Number of protein chains: 2
Amino acid sequence: MYRIGELAKAFDVKNDTLRFYEKHGLLTPSSRSDSGYRMYSEEDKQILSFILRAKTVGFSLADIHELLSIEVDKANSACADVKVVVDAKLAEVETKMAELNHFQKSLKRLSNACCGGSESAADCTILEALASDVNNIHPEQHHHLNKERF
Amino acid sequence: MYRIGELAKAFDVKNDTLRFYEKHGLLTPSSRSDSGYRMYSEEDKQILSFILRAKTVGFSLADIHELLSIEVDKANSACADVKVVVDAKLAEVETKMAELNHFQKSLKRLSNACCGGSESAADCTILEALASDVNNIHPEQHHHLNKERF
DNA sequence: CTTGACCTTAGACCAACATCCAAGGTTTAT
DNA sequence: ATAAACCTTGGATGTTGGTCTAAGGTCAAG
């Protein structure tokens, strides 16, 4: 069991951030000490790790709540319902991966094109790197399903 | 050339968002009409596409500005400097890709585990899917573990 | 039994990223 | 030539995701 400060320190976030996540239903410490201190378990730690990782790849806290509630609602939701949510998130993940692949390719091309020496960077631009890409791919449709706030 | 409303509509953003990006140096329309309307070129469209794509994978506007200014500064910056920035961003991209790979694997496992039929979702949780992964991020500190009282 | 490092709460405050509004000028279609 | 549908500006407002403050309780160590 970890106290709030221990867990926060381990993940380099503020205590307040953990309280914020709790207030918004993302991470509730599994127990409290006699004196009311929040006590976080290993599983709580795991959840925090998940939240922070999901954030770095562009998921909002609302998205993350949705992902986590796959667990919370398990008694209530039929497997088919879960599958719908999971598959939707999977599609989002795959879109993001495609974007990143694209970025990676462009950046690599840039990095190689750039000498790494002291010449002018005249030919070093992201847009030039992207230019070879035929770009009628619109960034994904913002499907607004009833996205409950978290 | 596109007027603001045309470009905004094409990418499903608000006109205000384009003005906001302009105010913050991310996307300045390449010209103005006689009456002062913003006129966006194909290249501007390209830049907007870039901005929105970068946003979906978790880059902040500040990050994006940095990426775009690789171009803007090209006369001023030595190639080596550019390479440093590019390689740093490349590392970020690769970190994000690793996270997403991980998510993808977990979600796929979930999707497969979930029957897609009407059984209970009892075994469908992100955390279970992630459980096989040993959490390793910040291995550090642990002077004392404190006693458990429950 | 006090000191200092922890923790609690409620609520104010903040930065990033938009989004809306008011008052007015421009274009296009009828 | 006038309505509808654009566009301009500056400034106010909203959402998301925290971060800080104040007033006070807890706990191990000297």
Side-chain angles (χ1 to χ4, degrees), chain A residues 1-40 44 47-48 50-68 139 142 144 146-150, chain B residues 1-40 44 48 50-68 141-149:
Chain A
M1 294 299 229
Y2 310 91
R3 276 175 305 168
I4 193 169
E6 291 173 313
L7 190 64
K9 199 166 189 181
F11 285 87
D12 196 26
V13 299
K14 299 282 156 86
N15 298 15
D16 283 328
T17 302
L18 298 185
R19 294 191 193 101
F20 178 83
Y21 289 164
E22 180 176 355
K23 193 161 75 182
H24 294 284
L26 288 166
L27 176 56
T28 303
S30 47
S31 58
R32 293 284 185 133
S33 74
D34 288 350
S35 50
Y37 289 11
R38 289 165 177 81
M39 300 304 289
Y40 295 90
D44 295 334
I47 294 174
L48 179 57
F50 177 82
I51 294 170
L52 297 177
R53 293 158 76 89
K55 260 170 51 62
T56 70
V57 291
F59 283 111
S60 68
L61 297 190
D63 290 330
I64 294 168
H65 183 82
E66 193 174 18
L67 284 164
L68 288 171
H142 211 31
H144 23 59
N146 41 346
K147 268 196 167 177
E148 57 209 284
R149 297 285 101 211
F150 51 94
Chain B
M1 294 297 227
Y2 310 89
R3 274 177 306 169
I4 194 169
E6 291 173 311
L7 190 64
K9 201 168 188 178
F11 285 88
D12 196 25
V13 299
K14 298 281 155 85
N15 298 13
D16 283 329
T17 302
L18 297 184
R19 294 193 193 100
F20 177 83
Y21 289 164
E22 180 176 355
K23 195 162 73 181
H24 290 82
L26 288 166
L27 176 55
T28 304
S30 48
S31 59
R32 292 284 184 134
S33 74
D34 288 350
S35 50
Y37 288 11
R38 289 166 176 80
M39 301 303 288
Y40 294 91
D44 295 335
L48 179 56
F50 179 82
I51 293 170
L52 298 177
R53 295 159 73 90
K55 259 170 51 63
T56 70
V57 292
F59 283 112
S60 69
L61 297 190
D63 289 330
I64 295 168
H65 184 84
E66 192 174 16
L67 284 163
L68 287 171
Q141 72 135 351
H142 272 283
H143 296 216
H144 327 272
L145 291 177
N146 39 347
K147 54 187 176 175
E148 296 192 59
R149 337 183 87 189

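Only a predicted model underlies this, so the values are computations on that prediction, with no experimental measurement involved. First the proteins, then the strands, lettered A, B, ... as listed; each starts at 1.
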Whole angstrom is fine here: how far is it from CE in A/Met1 over to C1' in C/dC7?
16 Å

Does B/Leu48 form a side chain to side chain contact (heavy atoms under 4.5 Å, CB included) with B/Tyr21? I'd like the steps, not just the answer.
CA-CA 9 Å; B/Leu48 179 56; B/Tyr21 289 164; 4.2 Å; yes

Distance, rounded to the nearest Å, where A/Arg19 contributes CZ and C/dT9 contributes P
7 Å

From C/dC20, C/dC17, D/dG17, pick the nucleotide closest to the side chain of B/Leu61?
C/dC17

Within this structure, what is the NE2-to-C1' distance between A/His65 and D/dG18, rounded to whole angstrom?
18 Å

Any side-chain N or O of A/Lys14 below 4.0 angstrom from OP1/OP2 of D/dG18?
no

By salt bridge (Lys or Arg N to Asp or Glu O under 4.0 Å), B/Arg3 pairs with (sequence neighbours left out) none

Whole angstrom is fine here: how far is it from CG in A/Asp12 over to P in D/dG18?
13 Å

Nucleic acid contacts - residues 22-38 of chain B versus DNA chain C, non-hydrogen atoms under 4.0 Å:
B/Ser35, B/Tyr37

Using whole Å, report how far CZ of B/Phe20 lies from C1' of C/dC17.
4 Å

Atom OH of A/Tyr21 to atom C1' of D/dT19: distance rounded to whole Å?
12 Å

Quick one: label B/Arg3 by what it contacts on the DNA or RNA (base, sugar-phosphate, nothing), any heavy atom closer than 4.0 Å.
sugar-phosphate

Starting the side chain at C-beta, find the nucleotide from D/dG17, D/dT19, D/dT8 nearest to B/Ile4.
D/dT8

Quick check against the 3.5 Å criterion: does B/His65 have a side-chain atom that pairs as donor or acceptor with the backbone of B/Leu61?
no

Walking DNA chain D from its 5' end, the first of A/Val13 and B/Met39 to be reached, judged by nearest nucleotide, is B/Met39

Taken to the nearest 0.5 Å, the spacing of B/Ile64 CD1 from B/Leu27 CG works out to 11.5 Å

Starting at the 5' end of DNA chain C and moving along, which residue's nearest nucleotide shows up first, A/Asn15 or B/Lys55?
A/Asn15

Atom CZ of B/Arg38 and atom CD of B/Glu6: how far apart are they, to the nearest 0.5 Å?
14.5 Å

Please report the interatomic distance OG1(B/Thr17) to CG(B/Leu26), rounded to the nearest 0.5 Å.
11.5 Å

pair A/Ile47-A/Ile51: side-chain heavy atoms closer than 4.5 Å:
yes

Whole Å only: how far is the CZ atom of A/Phe59 from the P atom of D/dT16?
17 Å

Atom-to-atom span, CD1 of B/Ile64 to C1' of C/dA18 - whole angstrom:
14 Å

